[in-house]
Every structure is written in structure tokens, then in C-alpha cells.
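Okay, so here's the structure we're looking at.
Residues: numbered from 1 along the sequence shown.
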Amino acid sequence: MVGKIGISVFLFFMMAWGFFTVFRPEFNLKYNLGNIFKGVKPTKFLLLNSRLSGAATFLLSLYILYRVWSG
């Protein structure tokens with residue numbers, strides 16, 4: 001039971017990061033890329049890629065959470 005709760009807490013933060021990334025892709029790119037592209041404005045393809053990555057992270061963590069608690 002403690003293992004399920006520990007995994008659930010980790011997955012909660014993973015889902016929160018994925019959800020946040022979908023709605024704030026600019027911050028995600030700034031956080032992940034750091035000072036490499038400090039003065040570069042992100043293109044629509046980078047933002048789309050960041051959003052898709054966030055959605056995939058959210059859905060994958062939701063699926064893992066379901067598998068952990070379903071049996």
C-alpha cells in the first residue's frame with residue numbers, strides 16, 4: 001500500500017507538469033532549454049511540440065496511475 005501511495009504522489013506531480021506544459025509551453029521551453037536559446041523567440045512548431053509532449057506526459061501518467069490502482 002505504501003508503494004502505491006508513493007508512486008501515486010510521483011505520478012501526481014508528473015500529471016501536474018504535463019497539464020502545466022499544455023497550457024504554458026513557453027515556460028516549459030524556457031525551463032528545459034535554459035540559457036541556450038535565451039534571446040530566441042520560440043516558433044509555433046516548438047510550442048506545438050512542447051504541448052504534445054505535455055499531453056503525452058499527462059496521459060501516460062494517468063494510464064500508469066490507473067494500472068497501479070486497478071490491480
Side-chain angles (χ1 to χ4, degrees):
M1 190 68 177
V2 174
K4 284 184 178 183
I5 293 172
I7 291 173
S8 298
V9 168
F10 172 73
L11 289 174
F12 171 75
F13 288 113
M14 194 169 152
M15 286 189 321
W17 179 253
F19 189 75
F20 182 72
T21 301
V22 169
F23 292 106
R24 294 286 308 251
E26 300 89 5
F27 179 77
N28 179 41
L29 287 173
K30 181 179 172 184
Y31 178 78
N32 287 334
L33 297 177
N35 290 326
I36 298 172
F37 297 104
K38 189 173 185 177
V40 177
K41 185 175 181 181
T43 63
K44 64 179 180 177
F45 296 113
L46 277 175
L47 295 176
L48 178 65
N49 186 24
S50 181
R51 282 192 170 128
L52 289 175
S53 173
T57 301
F58 180 79
L59 292 175
L60 180 66
S61 58
L62 195 64
Y63 174 72
I64 293 171
L65 188 66
Y66 168 76
R67 295 291 292 187
V68 165
W69 285 98
S70 67

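Closest approach of Ile64 to Leu11, counting heavy atoms only: CG2-CD1, 3.6 Å. Closest non-hydrogen pair, Ser50 versus Thr21, comes out as O-CG2, 3.2 Å.
A continuous path of ILVMFWY side-chain contacts below 4.5 Å connects Met14 to Ile7, so both sit in one hydrophobic cluster. No continuous path of hydrophobic side-chain contacts links Leu62 to Leu52 [ILVMFWY only; heavy atoms under 4.5 Å]. Under the 4.5 Å side-chain heavy-atom criterion for grouping Ile, Leu, Val, Met, Phe, Trp and Tyr, Phe58 is connected to Val68 within one hydrophobic cluster. No chain of hydrophobic side-chain contacts below 4.5 Å, direct or via other Ile, Leu, Val, Met, Phe, Trp or Tyr residues, connects Ile5 to Tyr66. Residues Val22 and Leu48 are members of separate hydrophobic clusters, defined by side-chain heavy-atom contacts under 4.5 angstrom among Ile, Leu, Val, Met, Phe, Trp and Tyr.
Between the OG atom of Ser61 and the CZ atom of Phe13 there is a distance of 12.5 Å, given to the nearest 0.5 Å.
Side-chain contact between Phe23 and Phe19 is present, with heavy atoms from C-beta onward closer than 4.5 Å.
When the shell of 6.0 Å around CZ of Phe20 is examined, it contains more than 12 heavy atoms from other residues, nucleotides or ligands.
Looking only at distances, no side-chain donor or acceptor of Ser53 sits under 3.5 Å from a matching main-chain atom of Asn49.
With no hydrogens or angles considered, a side-chain donor-acceptor pair links Ser8 and Trp69 at under 3.5 Å.
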